[in-house]
Student: 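Supplied in C-alpha cells, the structure appears directly below.
Being a predicted model, the structure only gives us computed values, none of them experimental. Any value given below was found using the heavy atoms of this structure, including those in side chains, with hydrogens, waters and symmetry copies removed. Here is how names work: the chains are called A, B, and so on, in the same order as the sequence lines, proteins then strands, and each is numbered from 1.
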Amino acid sequence: MPELPEVETTKRGIKNHLVGKKINRVVIRESRFRWPISRGFRQKVDGHTVRAISRRAKYILFQLDHGYFMIHLGMSGNLRIVDASTAIKKHDHVDFQLATGKCLRFNDPRRFGSVLWLGSSPFEHSLLSKLGPEPFDQSFNGEYLFQRARKKKIAVKNFIMDNHIVVGAGNIYANEALFISGIRPTRPAGKVTKAECQALVEAIIMVLKASIEMGGTTLKDFVGGDGKPGYFQQTLRVYDREQQPCRKCSSPIKALRIGQRSSYYCPRCQK
DNA sequence: ATCGCCTCCTGCGCGC
DNA sequence: TGCGCGCAGGAGGCGA
C-alpha cells in the first residue's frame, strides 16, 4: 500500500490527533516485524507526550521530550486514529493509547513494517543517516542526479528507486516518472543525459506532488490516518497497464521485470 | 564499490 | 468449490 504519498497523507491525517497529546500506554500484541520491537520500547514511550511528527523518506518520526521513535509501514502497513473502544481486527498489532481517549493503531498484515526507538539523535541512526535527499528538497535536481549517475550501469529504474540516491520513488512512481520523462526503465543510469535527468527529476516531483494533493491515492484500499479513503485513484499512465494503449501514442504498454519488480513502459514513447 | 538477488510475511486472484 | 501457484505498493543485507 504505502508509497511516499500515502505515508505523507498518513502523517498529515494523524498529526493533529497526536501533537501535544500524551501517550498513556503502548499495547504491543505482536512484536515480530522487519525488526522486532525492542524490549524496552513500551517503557520508553508510556506516559510521554508527542511534541512533533515529521517524515523522512517513508519513515514517520514521533518526537517525545526525551527522544524519537519511528514507524515504517512496509508494504502493507497502515496507521489510523480510532476510538480506544474500537474492536481489534486481524493484524492490529500495536496500539498507542492516548490520554484523549483516542488510539493510534498500527495494522500490518505482512509485518514488513517496523516500530523503532531512535533516541535523541534520530538522523544518526544507520537507517536514516545514509538516505539521499527528499524529492522536494532543492538539493534534488537534475545536476545532482546526473552526477550521481556517472558510470553507473544499473538500470535507471533501479537507480531512482535506491534510497541512497533519492527517497520516495517507489515502484509505481518510478514507472510513472520514467514514462513522463520519456526514458526507458532498462537504460543504464549512466547513459541518461543531463537534460533527461532534469526531466526525470521534474517528473518524480510532479507525480509525487500530484498524488499527495489527491490524498495519497495509489491503489485499491488506501485509507488515511483519519479513516477516510483517498479521494480517487490516480490515473496511472503505465503502471499495471500491460497491453493497454499508451495514453500518449496508443502503442500497447509493455511489461517486464527489472530487479524482481514489475515494470511497465511504452516502447514508442520511452527510449 | 557496484550490482543483482534473496528475504521477511500474509492475502488475493488466477488457472486448473 | 478447492487447491496450488505466483505476485503484491519496501528495502536492508549479502555474496559475487
Student: In whole Å, I'd like the distance from the CG atom of A:Asn78 to the P atom of C:dG10.
Tutor: 15 Å
Student: Just how far, in rounded Å, is P of C:dG10 from OH of A:Tyr59?
Tutor: 12 Å
Student: May I ask you to decide if the ring planes of A:Phe69 and A:Phe96 are parallel, tilted or perpendicular, using 30° and 60° as cut-offs?
Tutor: parallel
Student: Which sits closer to the 5' end of DNA chain C, A:Trp35 or A:Arg257, going by the nucleotide each is nearest to?
Tutor: A:Arg257
Student: Which letter, B, S or -, goes with each nucleotide of nucleotides 2-12 of chain B from 5' to 3', with contact meaning a protein heavy atom under 4.0 Å?
Tutor: -SSS--BBBS-
Student: Output the rounded distance in Å from CD (A:Glu242) to P (C:dA8).
Tutor: 11 Å
Student: Contact class for A:Phe159 (heavy atom, under 4.0 Å): base, sugar-phosphate, or nothing?
Tutor: nothing
Student: Both distances under 3.5 Å, Watson-Crick or G-U wobble: report the partner of C:dG9, or none.
Tutor: none
Student: Expressed as a whole number of angstroms, how long is the span from A:Met161:CE to C:dA11:P?
Tutor: 8 Å
Student: Whole Å only: how far is the CD1 atom of A:Ile160 from the P atom of C:dG9?
Tutor: 14 Å
Student: Can you give each donor-acceptor pair under 3.5 Å made by side-chain atoms of residues 132-148 of chain A, sequence neighbours left out, with the distance rounded to 0.1 Å?
Tutor:
{"from": "A:Glu134", "atom 1": "OE1", "to": "A:Arg55", "atom 2": "NH1", "distance (Å)": "2.9"}
{"from": "A:Glu134", "atom 1": "OE1", "to": "A:Arg55", "atom 2": "NH2", "distance (Å)": "3.2"}
{"from": "A:Glu134", "atom 1": "OE2", "to": "A:Arg56", "atom 2": "NH1", "distance (Å)": "2.9"}
{"from": "A:Glu134", "atom 1": "OE2", "to": "A:Ala57", "atom 2": "N", "distance (Å)": "2.7"}
{"from": "A:Asp137", "atom 1": "OD1", "to": "A:Ser139", "atom 2": "N", "distance (Å)": "2.9"}
{"from": "A:Asp137", "atom 1": "OD1", "to": "A:Ser139", "atom 2": "OG", "distance (Å)": "2.8"}
{"from": "A:Asn141", "atom 1": "OD1", "to": "A:Glu143", "atom 2": "N", "distance (Å)": "3.2"}
{"from": "A:Asn141", "atom 1": "OD1", "to": "A:Tyr144", "atom 2": "N", "distance (Å)": "2.8"}
{"from": "A:Asn141", "atom 1": "ND2", "to": "A:Gln138", "atom 2": "O", "distance (Å)": "3.2"}
{"from": "A:Glu143", "atom 1": "OE1", "to": "A:Lys194", "atom 2": "NZ", "distance (Å)": "3.1"}
{"from": "A:Glu143", "atom 1": "OE2", "to": "A:Gln147", "atom 2": "NE2", "distance (Å)": "2.9"}
{"from": "A:Tyr144", "atom 1": "OH", "to": "A:Arg148", "atom 2": "NH1", "distance (Å)": "3.0"}
{"from": "A:Tyr144", "atom 1": "OH", "to": "A:Ile165", "atom 2": "O", "distance (Å)": "2.6"}

Student: At under 4.0 Å between heavy atoms, what does A:Leu73 touch on the DNA or RNA strands: base, sugar-phosphate, or nothing?
Tutor: nothing
Student: In whole angstrom, give the distance that lies between atom CD1 of A:Ile258 and atom P of C:dA11.
Tutor: 18 Å
Student: I want to check one thing: is the phosphate of C:dG9, taken as OP1 and OP2, less than 4.0 Å away from some side-chain N or O of A:Ser262?
Tutor: yes
Student: Please lay out, stage by stage, how A:Asn171 and A:Lys157 fare under the test side-chain hydrogen bond (donor to acceptor under 3.5 Å, both in side chains).
Tutor: CA-CA 9 Å; A:Asn171 197 37; A:Lys157 175 160 176 278; 2.7 Å; yes
Student: Tell me the interatomic distance from A:Asn175, atom CG, to C:dA8, atom C1', rounded to whole angstroms.
Tutor: 14 Å
Student: Can you tell me if A:His72 touches the phosphate of C:dG10, counting only side-chain N or O atoms and a distance under 4.0 Å to OP1 or OP2?
Tutor: no
Student: Looking only at side-chain N and O atoms, does A:Tyr173 come under 4.0 Å of OP1 or OP2 in C:dG9?
Tutor: no
Student: What is the distance from CD of A:Glu176 to C1' of C:dG9, rounded to the nearest Å?
Tutor: 13 Å
Student: Can you hop from A:Leu61 to A:Leu79 via hydrophobic side chains spaced under 4.5 Å?
Tutor: no
Student: Can you check whether A:Phe106 and A:His93 have ring centres sitting under 6.0 Å from each other?
Tutor: no
Student: Is a salt bridge present between A:Arg105 and A:Asp95, judged by a nitrogen-to-oxygen distance below 4.0 Å?
Tutor: yes
Student: Quick one, A:His48 with A:Val45, criterion side-chain contact (heavy atoms from CB on, under 4.5 Å). Give me CA distance, side-chain angles, the key distance, then yes/no.
Tutor: CA-CA 6 Å; A:His48 291 276; A:Val45 175; 5.7 Å; no
Student: Using both distances under 3.5 Å as the test, list the Watson-Crick or G-U wobble partner of C:dT1, or none.
Tutor: none
